[in-house]
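Scroll down for the structure; my scribbles are underneath it.
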Amino acid sequence: MANVAFPVARLHDGTLRQLQQLEQRLREETGEEIVLVAYERKTVDEEAKR
């Protein structure tokens, strides 16, 4: 049986900078402290975890 897990994504430097720029733009537009989090979708086989 397969499950889905969402570990934190490992982003390349350029991708991380883009995410941080988007956070900043959202902060400026909303006046709120915005934090974006990137997760990676992974299928986890229950048998393999044992």
Side-chain angles (χ1 to χ4, degrees):
M1 180 180 220
N3 264 342
V4 177
F6 294 91
V8 174
R10 291 181 166 205
L11 303 176
H12 294 296
D13 289 342
T15 305
L16 180 56
R17 277 192 297 277
Q18 288 178 350
L19 189 63
Q20 291 167 333
Q21 289 170 351
L22 179 54
E23 285 178 331
Q24 182 61 36
R25 193 165 70 229
L26 290 170
R27 285 186 200 112
E28 291 169 0
E29 290 176 7
T30 65
E32 300 289 334
E33 185 64 27
I34 303 292
V35 177
L36 302 176
V37 180
Y39 292 99
E40 183 177 354
R41 181 185 176 105
K42 291 200 175 220
T43 302
V44 180
D45 185 358
E46 287 294 324
E47 295 297 320
K49 289 183 0 181
R50 294 183 189 173

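Just so it is clear, the model here is predicted, and its values are computed rather than measured.
Put simply, Val4 and Val8 are part of the same group of oily side chains (I, L, V, M, F, W, Y) that touch within less than 4.5 Å, one to the next. Put simply, Leu26 and Leu11 are part of the same group of oily side chains (I, L, V, M, F, W, Y) that touch within less than 4.5 Å, one to the next.
Applying the salt bridge (Lys or Arg N to Asp or Glu O under 4.0 Å) definition to pairs two or more places apart or across chains, those involving residues 26-38 are Glu23-Arg27, Arg27-Glu33. Counting only residues at least two apart or on different chains, no side chain to side chain donor-acceptor pair (under 3.5 Å) pair has a member in residues 8-20.
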Using atom types as modelled, flag every donor-acceptor pair under 3.5 Å from a side chain in residues 37-44 to any protein atom, sequence neighbours excluded.
none

